[in-house]
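Predicted model, so just to flag it, every value in this text is computed and none were measured.
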Amino acid sequence: MTTMNRPVLPDSVRTNGATPNPWWANAVVYQIYPRSFQDSNGDGIGDLKGITSRLDYIADLGVDVIWLSPVYQSPQEDNGYDISDYEAIDPIFGTMDDMDELLAEAHKRGIKVIMDLVVNHTSDEHAWFQESRDPNSSKADWYWWRPAKPGMEPGAPGAEPNEWGSYFGGSAWQYDAKRGEYFLHQYSKKQPDLNWENPQVRKAVYAMMNWWMDKGIDGFRMDVITQISKVVDKNGRLPGEAGSEIDDYPAGPEGYSSPYPFSSDGPRIDEFLQEMRREVFEKRGGYMNVGEAPGVDAARNEYITDPDHKELDMLFLFDHVGIDQGDSKWDIVKFDVRHLREQLKAQQEAVHDRGWASLFTCNHDQPRVVTRWGDDSNEENRVHSAKAFGMLIHLHRGTPYIYQGEELGMTGAHFTELSQYRDLESINAYRQRVEEAKVQSGESMMDSLALFGRDNARTPMQWDGSKYAGFTAADAKTEPWLSVNPNHVEINAAAQFDDPDSVYAFYKKLVNLRHNSAVVSAGEWALVDDDDEQVYAFTRTLTNADGTAERMLVAINLTGRHAALPKPVADLLADGVSEDRIILSTYDAIHSAKSLANGELAGWEGVVVEL
């Protein structure tokens with residue numbers, strides 16, 4: 001079932017506060033990482049024709065929207081998130097004709113397509129940046145250029161404008177000999193930040209976005225969009241810069257301070273997003289407008305996604321996927337159900353009256369949840385824990401996102417050597433933390449990479465049990481760009497497609513519930529117990545126009561150990577639960593009815609009960 005024939009929520013059912021209800025209020029999004037999805041020409045890299053060839057699989061799953069990670073022309077320093085030409089397709093992914101074909105074939109199946117867009121920064125090979133290197137160019141201030149510290153030789157160690165470090169390691173400033181100044185890059189040195197303070201930059205970005213919308217795409221997912229506004233003093237100086245009225249924070253153990261507090265959810269972000277809405281989306285219909293939101297908390301999410309404020313439809317927040325990380329991304333903290341509940345509760349309650357939530361645990365930057373928080377040590381636990389976390393995310397209020405392979409219960413890569421990684425962030429982090437700053441041992445860092453490294457999500461899609469998992473031909477002369485997970489022999493789409501007990505079949509049920517149950521897609525969310533160490537339980541309630549209410553209970557044991565039902569949950573079920581009241585179970589209705597009768601849930605057992 002896709003957007004062409006699924007039920008649309010009537011306006012009598014409140015969603016994000018808009019009238020009429022947006023089409024995406026009961027939609028499900030499927031993210032594709034093109035490089036790793038399907039290789040059609042045997043070069044070891046996934047491509048657009050490969051995606052088109054798998055559209056029937058995506059349609060069968062029932063999702064409504066494809067989110068396509070970047071396929072624009074790029075030097076591929078950061079796997080396409082460094083764009084050198086926004087209006088061209090990178091040859092490794094195909095041609096613009098291939099893109100047009102993908103759009104047409106997706107739309108033919110009732111599937112919308114939104115494109116990943118990176119406008120916080122470009123590639124240093126983009127024509128805009130190359131022009132900006134000339135201080136006399138009309139684009140001279142399209143990027144954040146700054147001179148060396150007063151009294152220091154440009155390019156010399158320590159002459160950087162302030163002490164900011166890049167999230168990818170090293171300084172956030174790169175010296176350019178041609179211009180004789182430094183440019184800011186929060187990410188790779190080949191990803192210079194655009195200066196959104198310049199209205200000409202914004203105008204050029206909006207023109208490009210309109211070009212794509214006119215071409216027929218259905219919207220954008222915008223990468224780190226809440227980092228486009230930086231904190232500056234009244235003279236335009238950044239914190240810590242010579243003469244700035246704003247102090248920087250002290251440098252950390254790796255030798256750098258962070259731009260994050262001054263470059264995330266900055267002072268002009270609402271203004272910029274409202275302007276973007278006016279210039280690109282205001283007169284259009286049927287689109288979807290999503291932002292990745294570093295630095296944005298639940299309360300700000302409500303403001304930005306409130307339709308009255310005319311900014312974005314929804315945001316990706318990250319508080320909940322940081323609960324197992326310490327002061328650094330690479331500090332491992334034990335997973336705690338209570339901490340996850342606390343963060344998701346804040347997100348749900350913030351949009352109780354207005355705005356909307358994005359629901360996810362996995363994407364191209366987040367490792368596979370079944371390895372991270374679940375249990376992939378054996379097949380039974382992998383299947384049950386994959387279903388448990390799927391149930392958790394899809395039964396909350398908001399729009400669920402499935403990352404390719406999540407619907408199969410794909411696991412982390414389990415790499416053991418640094419040479420196996422391709423991700424720039426992971427490789428640079430190892431070098432900086434282990435070899436340069438010496439703040440983490442090599443063994444500890446490899447453990448961190450195995451849990452948090454982005455390549456865990458980027459191993460090729462596992463279509464079947466053949467040599468390269470069906471991602472590329474088994475006799476292809478070129479191996480996949482990143483190693484295929486050896487467990488593809490057991491974990492693959494072909495093995496699960498017709499199995500009614502598979503993770504894939506379970507995800508189809510989740511998508512179907514989202515489409516066909518207004519309680520799931522728009523019902524009120526309320527926590528049942530806020531302190532249990534194993535069971536995460538909540539209710540969904542929808543009050544009808546005649547005053548009657550539809551209500552369901554969701555109770556999930558997010559551990560591999562048997563768990564007693566929390567008392568508030570047991571009280572709701574005091575009259576007993578028959579099998580026909582069990583809407584969905586990570587086991588089956590018979591098993592869950594017995595579990596509930598005994599006042600318990602088995603390891604990774606989740607159940608949705610009609611109340």
Side-chain angles (χ1 to χ4, degrees), residues 35-36 74-82 118 120-121 123-125 155-177 182-193 223-224 227 248-260 263 294 318 321-322 324-333 364-367 371-372 412-459 481-483:
R35 176 180 286 266
S36 297
S74 166
Q76 302 296 320
E77 169 80 357
D78 187 25
N79 287 3
Y81 284 83
D82 50 316
V118 192
N120 173 73
H121 48 266
S123 166
D124 65 348
E125 296 183 26
E160 293 83 4
N162 65 16
E163 294 187 321
W164 284 357
S166 162
Y167 311 132
F168 283 3
S171 173
W173 295 97
Q174 179 67 23
Y175 180 66
D176 181 74
Y182 293 84
F183 63 84
L184 174 67
H185 59 92
Q186 292 185 77
Y187 295 89
S188 162
K189 64 183 179 181
K190 288 184 67 61
Q191 293 171 296
D193 278 43
D223 189 67
V224 297
Q227 294 189 322
D248 194 4
Y249 289 110
E254 296 174 29
Y256 300 99
S257 62
S258 176
Y260 191 88
S263 304
F318 296 101
V321 290
D324 54 355
Q325 296 167 328
D327 293 336
S328 160
K329 171 179 178 173
W330 310 107
D331 296 330
I332 299 175
V333 174
H364 65 290
D365 286 335
Q366 301 295 329
T371 299
R372 184 180 191 177
H414 296 294
F415 290 155
T416 57
E417 299 178 6
L418 187 64
S419 60
Q420 294 173 286
Y421 289 90
R422 299 292 177 266
D423 176 39
L424 182 69
E425 180 192 42
S426 297
I427 295 168
N428 286 354
Y430 184 95
R431 290 172 178 165
Q432 180 165 309
R433 293 180 65 80
V434 176
E435 298 172 358
E436 297 173 13
K438 300 185 182 345
V439 296
Q440 194 166 354
S441 70
E443 181 181 8
S444 169
M445 189 64 190
M446 289 305 297
D447 289 341
S448 298
L449 292 177
L451 193 60
F452 301 133
R454 300 191 300 180
D455 280 344
N456 285 292
R458 300 177 179 184
T459 54
W481 74 277
L482 185 64
S483 299

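Put simply, the side chain of S257 does not reach to within 4.5 Å of the side chain of N162, judged on heavy atoms. In this structure, D176 and Y182 have side chains that are not in contact, with every pair of non-hydrogen atoms separated by 4.5 Å or more. Within the 4.5 Å cutoff, the side chain of N456 has no heavy atoms near those of the T371 side chain. Between L424 and S188 there is a side-chain heavy-atom pair separated by less than 4.5 Å.
Partners of D124 by salt bridge (charged side-chain N to carboxylate O under 4.0 Å, His left out), not counting sequence neighbours, listed by chain and number: K190. Under the side chain to side chain donor-acceptor pair (under 3.5 Å) criterion, Q174 pairs with no residue at all, not counting sequence neighbours. The side chain to side chain donor-acceptor pair (under 3.5 Å) test applied to S441 returns no partner, not counting sequence neighbours. For R35, the salt bridge (charged side-chain N to carboxylate O under 4.0 Å, His left out) criterion is met by no residue, not counting sequence neighbours. Annotation: side-chain contact (heavy atoms from CB on, under 4.5 Å) contacts of S483 (sequence neighbours excluded): F415. Residues passing the side-chain contact (heavy atoms from CB on, under 4.5 Å) test with Y256, sequence neighbours excluded: S171, Q432. Partners of E425 by salt bridge (charged side-chain N to carboxylate O under 4.0 Å, His left out), not counting sequence neighbours, listed by chain and number: K329, R454. Judged as a side-chain contact (heavy atoms from CB on, under 4.5 Å), and not counting sequence neighbours, the contacts of A457 are Y403. For Y167, the side-chain contact (heavy atoms from CB on, under 4.5 Å) partners at least two apart in sequence or on another chain are Q186, Y187, Q227, S258, P259, Y260. Evaluation of the salt bridge (charged side-chain N to carboxylate O under 4.0 Å, His left out) rule for R372 yields D324 as partners, not counting sequence neighbours. By the side chain to side chain donor-acceptor pair (under 3.5 Å) test, N120 is found to be paired with D193, K230, residues two or more places apart in sequence or in another chain being considered.
The environment of E435 atom CD is dense: over 12 non-hydrogen atoms of other residues, nucleotides or ligands sit within 6.0 angstrom. Heavy atoms of other residues, nucleotides or ligands lying less than 6.0 angstrom from OH of Y249 number 12 at most.
A donor-acceptor distance shorter than 3.5 angstrom exists from the side chain of D82 to the backbone of E77, with no hydrogens or angles considered. With hydrogens and angles ignored, the 3.5 Å screen pairs no side-chain donor or acceptor of Q191 with any backbone N or O of K189. In this structure a side-chain-to-backbone donor-acceptor pair under 3.5 Å is missing from S123 to S74. Put simply, the side chain of D78 never gets that close to the backbone of Y81: no donor and acceptor are under 3.5 Å apart. Side-chain atoms of D455 come within 3.5 Å of backbone atoms of R422 as a donor-acceptor pair (strictly under, hydrogens ignored).
Judged as a ring pair (Phe, Tyr, Trp, His ring centres under 6.0 Å), not a single pair has a partner in residues 432-459 (not counting sequence neighbours).
Expressed to the nearest 0.5 Å, how far CZ of R433 lies from OG of S328 amounts to 3.5 Å. A distance of 5.5 Å separates NE2 of H121 from CG of D223, quoted to the nearest 0.5 Å. Between L449 atom CG and Q420 atom CD the span is 11.0 Å, to the nearest 0.5 Å. Atom CD in Q440 sits 9.0 Å away from atom CD in E254 (nearest 0.5 Å). The structure places OG of S426 at 7.0 Å from CE of M445, a figure rounded to the nearest 0.5 Å. H185 NE2 to F168 CZ: the interatomic distance, rounded to the nearest 0.5 Å, is 11.0 Å.
Between W330 and S444, the side chains place no donor N or O within less than 3.5 Å of an acceptor N or O (distance only, hydrogens not considered).
Shortest non-hydrogen contact noted between A450 and Y421 is N-OH, 3.4 Å. Between P192 and F183, the shortest heavy-atom contact is CB-CD1, 3.6 Å. In this structure, D423 and R458 approach most closely via the heavy-atom pair OD1-NH1, 3.6 Å.
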